[in-house]
A.B. asks: 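I'd like to ask you about the structure that follows.
Treat the numbers as computed from the prediction; the structure is a model and nothing was measured.
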Amino acid sequence: MIIRKAEKSDSAQIAPILLLAMEDIIYKFIKKEDYASAKDFLQHFIEQENNQYSYQNCYVAEAENEIIGAVNLYNGSDLEVLRNPIIEYVRKNFNPDFDPEFETRAGEFYIDSLGVNPNYQGKGIGSKILKFLIDEFVHKNNHVLGLLVEEDNPLAKNLYLKIGFKVVGEKTLVGKKLEHLQIA
């Protein structure tokens, strides 16, 4: 398995993997619980440049020419600029009142979402991706990594704590209460 920066041509494979981690949130963005619409919405932005979900802000785990995991992350100080194209699109096409909270801020690189193909879950792929990010961003470049975890997802929270993340607060995002974790 290799972990590499995503390319535009990876977008169709990245979308369903990242959607595993953010299905509920995308449903709130598009105001309907429709998997195909949510996947199309996400893929549209992954294929584009200069937005928070862009392939430019993704890494992929690849094995035997198949993307088996993906992670979306970006500098928290860039969130407002990266999110604007998404807010404008959602307001125009789905929800004119869309006004999401800021889930990150300057001072951290934010792991927005991480997913592993269901056929490869339980094999340590997510942990390997996180350890890669910690090595690249924290150890090599002295950045802080942050993420949010749902209160009702103790397995994910335990994984993050086990590899060194610490709880630093709480956040609310589109009505969901989440815990904010960081590693430095």
A.B. asks: Give me each pair satisfying ring-ring contact (aromatic ring centres under 6.0 Å, His included) with a member in residues 121-152, each pair once, sequence neighbours excluded.
C.D. replies: Y59-F132, F109-F137, F109-H143
A.B. asks: Looking at residues at least two apart in the chain, or sitting in another chain, which of them share a salt bridge (charged side-chain N to carboxylate O under 4.0 Å, His left out) with D78?
C.D. replies: none
A.B. asks: When I46 is tested against each of N51, L18, D10 for side-chain contact (heavy atoms from CB on, under 4.5 Å), which residue passes?
C.D. replies: L18
A.B. asks: Identify, with sequence neighbours excluded, every residue that meets side chain to side chain donor-acceptor pair (under 3.5 Å) alongside Y120.
C.D. replies: E66
A.B. asks: Name all residues meeting the ring-ring contact (aromatic ring centres under 6.0 Å, His included) criterion together with Y110; count only those two or more places apart in sequence or in a different chain, and write none if there are none.
C.D. replies: Y74
A.B. asks: Is it true that, when you exclude K177 itself, more than 12 heavy atoms of the residues, nucleotides or ligands shown sit nearer than 6.0 Å to its NZ?
C.D. replies: no
A.B. asks: Residues two or more places apart in sequence or in another chain: which of them pass side-chain contact (heavy atoms from CB on, under 4.5 Å) with A12?
C.D. replies: Q43
A.B. asks: What pairs of donor and acceptor atoms, side-chain ones from residues 81-91 against any protein atom, are under 3.5 angstrom apart with sequence neighbours left out?
C.D. replies:
from	atom 1	to	atom 2	distance (Å)
R83	NE	Q52	OE1	3.3
R83	NH1	E101	O	2.6
R83	NH2	E103	OE1	2.1
R83	NH2	E103	OE2	3.1
N84	ND2	E80	O	3.3
R91	NE	F98	O	2.7
R91	NH2	F98	O	2.9

A.B. asks: If I compare all heavy atoms of I17 with all of I67, which pair ends up nearest, and what's the gap?
C.D. replies: CD1-O, 3.5 Å
A.B. asks: Atom CZ in F94, atom CD1 in I26: separation rounded to 0.5 Å?
C.D. replies: 10.0 Å
A.B. asks: Run the ring-ring contact (aromatic ring centres under 6.0 Å, His included) test against Y55 and tell me which residues pass, sequence neighbours left out.
C.D. replies: none
A.B. asks: Quick one: list whatever passes side chain to side chain donor-acceptor pair (under 3.5 Å) with N93, sequence neighbours left out.
C.D. replies: none
A.B. asks: Could you pull out all residues at least two apart from N57 that satisfy side chain to side chain donor-acceptor pair (under 3.5 Å)?
C.D. replies: none
A.B. asks: Taking side chain to side chain donor-acceptor pair (under 3.5 Å) as the definition, give me every residue that meets it alongside H180, ordered by chain and number, with sequence neighbours left out.
C.D. replies: E108
A.B. asks: What distance separates E136 CD from L145 CG, expressed to the nearest 0.5 Å?
C.D. replies: 10.5 Å
A.B. asks: Of all heavy-atom pairs between A184 and V144, which one has the smallest distance, and what is that distance?
C.D. replies: CB-CG2, 3.9 Å
A.B. asks: Only pairs under 3.5 Å count here: list side-chain donor-acceptor contacts from residues 29-41, not counting sequence neighbours, and write none if there are none.
C.D. replies:
from	atom 1	to	atom 2	distance (Å)
D34	OD2	S37	N	2.8
D34	OD2	S37	OG	2.4

A.B. asks: Extract all donor-acceptor atom pairs below 3.5 Å that involve side chains of residues 163-175 and protein atoms in other chains or at least two apart in sequence.
C.D. replies:
none

A.B. asks: Step by step, work out the side chain to side chain contact (heavy atoms under 4.5 Å, CB included) result for D112 and M22.
C.D. replies: CA-CA 9 Å; D112 187 294; M22 48 194 314; 3.9 Å; yes
